Structures are given as C-alpha cells and as structure tokens.
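Right, one structure below, let's go through it.
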Amino acid sequence: MKKKIRIGGGAGFSGDRLEPAVVLAEKGRLDYLILECLAERTIALAQKRKHADPSKGYDPLLERRMRLLLPHLVKNEVRLITNMGAANPLAAADRVLEIAKELHLSVKVVAVTGDDVFAQIDPAQQAMETGRPLKEAGQLLSANAYIGIEAILPALQSGADIIVTGRVADPSLFLAPMVHEFGWKTDDYDLLGKGTVIGHLLECAGQITGGYFMDPGKKEVPDPAHLGFPFADVDADGSATISKVEGTGGAVNLMTAKEQLLYEVVNPHEYYTPDVIADFTSVKLKEIGKDMVQVSGGGGKARPATFKVSVGYQAFWLGEGEISYAGTNSLQKAKLAGQIVEERLKDRMDDLRVDYVGLNAIFRGAFDQQSEPAEVRLRVAGKAQTMEMAALVGEEVEALYTNGPAGGGGARKYVNEVVGIVSILMDRSKVKSYVTLKES
Amino acid sequence: MKLYDIAHSRAGDKGNTSTLSLIPYSETDYPMLCEKVTVQAVSKHMEGIVKGKIIRYEMPNVSSLLFVCEKALLSGVTTSLALDAHGKSLSSALLEMEI
C-alpha cells in the first residue's frame, strides 16, 4: 500500500481548456489524472448523439484530449480516470484504443458501465423537483444513476491505464484511486468523507487555482493566461496538500480554496455522494507555502441507501435574438424595440422573455439602475414546441433592422433544442455496474 | 459599506437553488458578518431575485457563511429563459448588499 499519491484535476467541465491537463501529465509527476467533463445535461445530449449514431455519444473533445495526453500519460506512467464516456463509455474506450494505436502506444483501457438505467425507470414515478410523474415532463431521453467508487474500483484492480466512465459522482472519480491505493475500507466513512472533500476541491480544476476567482484590484492572480490546474498530494490518513505545477499561472491560497470548498454545496453538514454523506463543517484549510494549501479534517457518515438518477427529457425549443442600440436615448430605443417584438410574437410563443443587456439581464432589475448605459443590447428569448416556431424570435429581432427603431446594429439569432433534467432516487440493488477491458 | 468591500463570494447551482458563499477577506470580520448578514437581511436584499426560502449555514471552520437560496433561478438551469441560467453572476448580487 502506498503512503502518498498525487492526483491531478485536468478538466472541470466538458469544454474546459486542453493545455493545463497536458502540463499536469507532462510535468506534474502525477500518479493519477482525472478529467471531469459531465454536467447535468451533458449526458442527455450525448444520448441523443448516440441514438443518431451508435458509435458516438461520448464527449466531443475526447479525441483531441487523448491525442495530446496519451504520449505523456504512457511515458510518465500516469493513470487516467475520466467520465468522458458520457452516454457511450464502450465506444469511447474503443476510440481511445484506436488513437493509441495511431500513436504507436500500448495501453489498457477499461470502460465502466451500468449508470445507464433508462430501462429500469418507471415513467409513473414522481420527479423529486416537481412531484409529478416523470412522463409528464415530456419525452424522456435518458436516465443515468450517479454511481460511485464501487464501479471504478474493479477497473483500478484490473490494472487499467485509462478508465472511461459515464455518469459517476464527480468526487468519486478522485476518491476511487485513494481507496484503491491506500486500501481504505468502503465503509470507513470518516476516510471516505475526507477523500470526498479533496475530490470536491479538485473536481472543478481551475476553480481552485484562481480560475473563476479574479477581480482586478481586489483578487489578483499572476499570469492568468497560463492558469495551471491543481493536483493534491494525498496522504493515507485522508489529509492532503493542494498545489499546482511550478511555472504555471494562477494561485492556490486560502481564498481560492474556501471558494471552491463551498461551491455548489447545499448542506455543508451533509454532502451526499454515492459513497458517503460527507461533512464539510470540520474541514481545516491552511496555507503552508506559496501556492500550497493543506486540507485536513472533514469526515462522514454512512452512504445513502439510494442512487440519485438524473432523467433527461425533451423540454422545448429555445429561440433567441439580440440587437444593440447605442448613444443618447439608447435605452428607450431598445425598450421600444422590445415592445414591438413582444407584440409581434406574444400570441405565438409558449413563453417570452425580454432583457436589456447592460441594464437588467443578470440581476433581473432587482437593484436600482442609477445611470443611463452608453449602450444597450436587447435580448428576446422564447419557448416553442418546434424549431420553426422558436426561430421566429430571432427572425423578428433581426427584422428590427428595417421594421424597428433607428440605429439598431449587430443582430444575432439562435435556435437551440433544450433538454430538461429531473431527478429520482433508485434503490442501489437495481443498479449493477460492469467493467469491460479493451487492450491493444 | 458594501459586502463587496470586505468579502468575496462564488455562486453555485442545483436545480432551481442558488448557493452563495460569503467569505471575508479578513477572518476577524467573520463574527460581524454572522451578526449583520442575517437570513432576514439577505432575503430583503435579494427579494427581486430569490423567490423561495433562504437557509444560512455558519462555517466557523473556514470563517465563512453559506446561503442556500431556493427558487432563485427562474425554474432552474435546464429550462430557464434567463441569459445567465446558472445564476453564476448572483454572487455579485449578494456582494452589492449594504451593511
């Protein structure tokens, strides 16, 4: 059993930057690199791609990331765990193997499956958010359980170099190698809680190294253009030191660590994962050097009896249009334009929203606006059941060029299919996970 | 003074709930924030944005407060028509509060 391992966080969302993970793999002296790339809705959208083409349905950046990372991972013996499998971990594993062959690299790839529980859900079951039966939300597209370390551990035991999963709870991606390397018991909830805290700190990658943190004059971060991503030196006792590769931009300090510790936490006494209910209120953070924060404490209690399942459904089509007005009276011109579009569309949309970007689009008019902005961007958004109807929003905004107030410019229009998410709980016994080995 | 002058914040989202941390630059300001930035005060300040209940968690271990705001995201990330559907910028709304 190891006494200490180094785990890097190389992606915080599907579209995250590619280079910082390469720096980690190349120069980070890592044991493990984790790429967390699945947001709530990502998997439902991936499921749609898989329906259209059964060889797809994994993360769209998988190929680009793997081409860059594989040579360093193999050379430096870094094991990779990623949820880039999205709706199709098996196809993703095949693709990783193909890329390895092209690069003349030999790797052992394992796909972890079992999170897809679409066949097991009961459409009559009530959604947690709405209290209404799932089927009433709309056409159901996907159902994925947030599975945990127990699904990943067999893959680690198999000696896999690259582990590709679908939906796994984010901190579990980080906790699994700790449990594997330190021989932690899967019912030692104190250690699992501590490890989950460390995973939570790393899972958004740059969000603990100064990304999403900077505020000029208040919270400065050096060399932000070359922001480095984090790693943790984890001890077998469940404490860790968070840092980043020397020479990269960004900062790891008490402020960045606190912001990330509290990020997306709805109850710091009980942070639910499939592995443990972790306690964040006993976590201690301490700066112990430049860009080094020590994490200790934290704990946990017995894991929940159920898995959370995210169910994706076809919600509606979103149509959007934008156009700008500038100079004297620009706000009044934008407001007139908004009224005109609203009148032209109001009977044809399920829902319509008019924002004045620069004035009330973010705070929704909650606070008094003192001065007239130098320029205003009208934004109109509408819900419709078909793409054609949703497209009317952008068409009407664009048509303001010749049918609206003077001086409008920079019109843009967008139409997007919107997938909604609701949740249910599923008994653990109904969810079985599998590992599939692919070797070159 | 505004909260912005003495504290920083990051917003997170879960469904239609927005989580807002409040972290003083100086840990010695933590007791004062506990006293002044009450659920009642935040509810009043955010009344144009947060339509549901607000729960405040005190975290003396990191000298920080956490506000969990229900019905804050116009039905939630996945189905809202808002420009900032995640309410990512709502951290800045909290910091606008005068104390």
Side-chain angles (χ1 to χ4, degrees), chain A residues 39-41 44 128-129 137 204 207 212-213 215 218-219 254-269 280-285 297-298 312-313 315-316 318 320 322 351-355 357 360-367 379-383 418-423, chain B residues 4-25 27 45-51 55 57-70 72-93 95-97:
Chain A
E40 232 184 359
R41 267 195 297 183
M128 288 162 70
E129 292 83 355
C204 296
Q207 281 201 168
Y212 208 58
F213 173 83
D215 189 351
K218 291 284 278 186
K219 294 188 288 177
L254 264 186
M255 290 194 288
T256 65
K258 285 179 182 176
E259 281 198 16
Q260 184 55 27
L261 181 72
L262 300 187
Y263 177 65
E264 280 187 339
V265 173
V266 291
N267 181 349
H269 300 279
F280 284 18
T281 63
S282 53
V283 175
K284 298 264 182 277
L285 302 172
Y313 63 93
F316 54 85
L318 170 66
E320 293 171 283
E322 298 172 3
D351 192 10
L352 200 63
R353 177 177 181 85
V354 180
D355 290 313
V357 179
N360 67 2
I362 300 296
F363 291 166
R364 309 170 205 156
F367 310 117
R379 169 186 183 261
V380 184
K383 269 182 200 182
V418 175
V419 164
I421 293 286
V422 286
S423 314
Chain B
Y4 176 82
D5 298 320
I6 58 165
H8 54 112
S9 173
R10 175 173 293 171
D13 61 276
K14 286 273 175 208
N16 200 9
T17 298
S18 176
T19 67
L20 303 170
S21 56
L22 186 65
I23 306 163
Y25 286 101
E27 294 194 341
H45 172 69
M46 300 287 277
E47 67 186 352
I49 295 170
V50 179
K51 301 302 175 191
I55 301 170
Y57 292 101
E58 293 173 19
M59 296 187 70
N61 58 319
V62 285
S63 302
S64 301
L65 292 171
L66 176 67
F67 295 90
V68 177
C69 310
E70 296 177 0
L73 299 176
L74 298 169
S75 89
V77 180
T78 55
T79 51
S80 160
L81 285 183
L83 184 60
D84 173 18
H86 295 85
K88 288 273 186 192
S89 304
L90 297 184
S91 52
S92 307
L95 296 180
E96 285 298 306
M97 188 173 147

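A quick note: this is a predicted structure, and the numbers were derived from the prediction, not measured. These numbers come from the heavy atoms of this one structure, side chains and all, not from hydrogens, waters or symmetry mates.
Atoms CG and OH, from B:L20 and A:Y263 in turn, are 11.5 Å apart once rounded to the nearest 0.5 Å. Distance check: B:L95 CG to A:D215 CG gives 8.5 Å after rounding to the nearest 0.5 Å. The line from NZ of A:K258 to CG of B:L22 is 11.0 Å long, rounded to the nearest 0.5 Å.
For a residue to count as touching a neighbouring chain, one of its non-hydrogen atoms must lie under 4.5 Å from one of that chain's; by this rule B:E27 touches chain A with the side chain only. With a 4.5 Å cut-off on non-hydrogen atoms, B:L66 touches chain A through its side chain but not through its backbone. For A:F316, the part lying near chain B is the side chain, with the backbone staying farther off; criterion is any non-hydrogen pair under 4.5 Å. For a residue to count as touching a neighbouring chain, one of its non-hydrogen atoms must lie under 4.5 Å from one of that chain's; by this rule B:L83 touches chain A with backbone and side chain alike. Looking at A:R379, only its side chain comes within 4.5 Å of chain B, counting heavy atoms on both sides. Proximity to chain B (any heavy atom under 4.5 Å) is shown, for A:E129, by neither the backbone nor the side chain. Of the two parts of A:V419, only the backbone, made up of N, CA, C and O, holds a non-hydrogen atom closer than 4.5 Å to a non-hydrogen atom of chain B. Interface remark: A:L352 contributes backbone atoms only to the contact with chain B (heavy atom separation under 4.5 Å). Residue A:V422 does not touch chain B at all, counting heavy-atom pairs closer than 4.5 Å. Residue B:E58: no heavy atom, backbone or side chain, is found under 4.5 Å from chain A. Within the 4.5 angstrom heavy-atom criterion, atoms from both the backbone and the side chain of A:D351 approach chain B. The part of A:L318 that comes within reach of chain B is its side chain, from C-beta onward, which places non-hydrogen atoms under 4.5 angstrom from that chain. Within the 4.5 angstrom heavy-atom criterion, no atom of B:A7 approaches chain A.
Among A:G297, A:A315, A:P268, the residue with the largest count of heavy-atom pairs under 4.5 Å with chain B is A:P268. Heavy-atom pairs under 4.5 Å with chain B were tallied for A:E264, A:M255, A:H269; the largest tally goes to A:E264. Annotation: maximal heavy-atom pairing with chain A below 4.5 Å, among B:S89, B:G87, B:S91, B:S63, occurs at B:S89. Among A:L285, A:V283, A:D355, the residue with the largest count of heavy-atom pairs under 4.5 Å with chain B is A:V283. With chain B as the partner, the residue from A:V418, A:I421, A:V266 showing the most heavy-atom pairs under 4.5 Å is A:V266.
A distance-only check finds a donor-acceptor pair linking the side chain of A:K218 to the backbone of B:Y4 [under 3.5 Å].
Partners of A:F363 under the ring pair (Phe, Tyr, Trp, His ring centres under 6.0 Å) rule, at least two apart in sequence or in another chain, are A:F367. With sequence neighbours excluded, no residue forms a ring pair (Phe, Tyr, Trp, His ring centres under 6.0 Å) with B:F67.
Of all heavy-atom pairs between B:L81 and A:R353, the closest is O-CD, 3.6 Å.
Considering only heavy atoms from C-beta on, A:Q260 comes within 4.5 Å of B:R10 through its side chain. Side-chain contact check for B:T19 versus A:V265: every heavy-atom pair is 4.5 Å or farther apart. A 4.5 Å side-chain heavy-atom check between B:D84 and A:R364 finds every atom pair outside the cut-off.
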Report task. Tell me, with the steps shown, if B:M59 and A:L262 meet side-chain contact (heavy atoms from CB on, under 4.5 Å). Result -> CA-CA 10 Å; B:M59 296 187 70; A:L262 300 187; 3.2 Å; yes
